[in-house]
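Here the structure is laid out as structure tokens; the discussion comes afterwards.
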Amino acid sequence: MDFFERQWSSYRAVVEHDLMEHQAAATAVATALHHWLEQRPAEATAPALIDLGCGDLALLAPLLRELPLERYTGLDLAGVVLPLAQQALGPVSYADPLARGRLTRLGRSRRRR
């Protein structure tokens, strides 16, 4: 975790310069989600989305703000990025959209509520 926190600016440079094709991945996710939503019946309930390793949401926040979601949960092991993700996401209609933790602990923490 310490290494990740110390190297955040390097990671942001990689994303901003699309050195690992984050833009293409974000576009593919947006296309797949829009296609899936178009195929759903109009009377279907709004879906819930869990984003594993959400990071700072720099590329996906605009998409998440426009999707008709009942709930979004962004999960990241690096808690330091969650305030950045919250800032990128801005105000949304779903409560508590971000959580720090491991996927293996997500089910246990949700069941305690």
Side-chain angles (χ1 to χ4, degrees):
M1 182 70 78
D2 292 333
F3 176 77
F4 182 82
E5 291 173 7
R6 287 192 316 264
Q7 300 301 319
W8 185 250
S9 62
S10 296
Y11 170 75
R12 288 301 314 141
V14 167
V15 171
E16 289 172 19
H17 296 301
D18 205 23
L19 299 176
M20 294 178 65
E21 300 186 26
H22 285 82
Q23 294 284 346
T27 299
V29 167
T31 300
L33 283 171
H34 282 295
H35 179 72
W36 179 72
L37 287 167
E38 289 170 0
Q39 302 304 312
R40 292 171 47 95
E43 67 277 359
T45 59
L49 178 66
I50 298 176
D51 182 358
L52 307 176
C54 66
D56 65 359
L57 291 179
L59 297 177
L60 290 181
L63 171 66
L64 293 172
R65 285 191 299 269
E66 75 177 38
L67 290 178
L69 298 176
E70 176 187 332
R71 185 177 65 247
Y72 166 80
T73 301
L75 182 69
D76 205 293
L77 185 59
V80 69
V81 302
L82 297 180
L84 300 171
Q86 185 64 61
Q87 182 179 2
L89 191 56
V92 290
S93 60
Y94 27 86
D96 301 323
L98 302 165
R100 179 186 179 275
R102 297 178 186 271
L103 172 62
T104 56
R105 295 187 182 139
L106 181 63
R108 284 181 266 165
S109 66
R110 293 281 184 210
R111 279 181 260 168
R112 290 184 201 148
R113 287 185 176 180

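Hydrogens, waters and symmetry mates are skipped; everything else that's a heavy atom, side chains included, is used.
Summarising the geometry, atom NE2 belonging to His17 is positioned 10.0 Å from atom CZ belonging to Arg12; distances are rounded to the nearest 0.5 Å. In this structure, the separation between CG on Asp51 and CG on Leu49 is 6.0 Å, given to the nearest 0.5 Å. Expressed to the nearest 0.5 Å, how far NE2 of His34 lies from CD of Gln39 amounts to 13.5 Å.
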Taking it one step at a time, do Tyr72 and Leu60 satisfy side-chain contact (heavy atoms from CB on, under 4.5 Å)? CA-CA 12 Å; Tyr72 166 80; Leu60 290 181; over 6 Å; no

Stepwise, does the side-chain contact (heavy atoms from CB on, under 4.5 Å) test hold for Leu82 with Cys54? CA-CA 8 Å; Leu82 297 180; Cys54 66; 3.9 Å; yes

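Hydrophobic clustering (ILVMFWY, side-chain heavy atoms < 4.5 Å, transitive): Met20 and Tyr11 are in distinct clusters. Follow the hydrophobic side-chain contacts under 4.5 Å out from Trp36 and you reach Leu67 in the same cluster. A continuous path of Ile, Leu, Val, Met, Phe, Trp and Tyr side chains, each step under 4.5 Å between heavy atoms, connects Val92 with Leu37, placing both in one hydrophobic cluster. The cluster map of Ile, Leu, Val, Met, Phe, Trp and Tyr, joined by side-chain heavy atoms under 4.5 Å apart, puts Leu89 and Val29 in the same cluster.
A donor-acceptor pair under 3.5 Å links the side-chain atoms of Asp76 to the main chain of Gly55, judged by distance alone.
For the residue pair Ala88 and Ala61, the shortest heavy atom distance occurs at O-CB, 3.3 Å. Annotation for Pro68 and Ala46: closest pair O-CB, 3.4 Å, computed over non-hydrogen atoms. Annotation for Leu98 and Gln86: closest pair CD1-N, 3.4 Å, computed over non-hydrogen atoms.
With a 4.5 Å cut-off on side-chain heavy atoms, Asp56 and Val15 do not count as touching.
Sparse packing is recorded around CD of Gln87, with 12 or fewer heavy atoms of other residues, nucleotides or ligands lying under 6.0 Å away.
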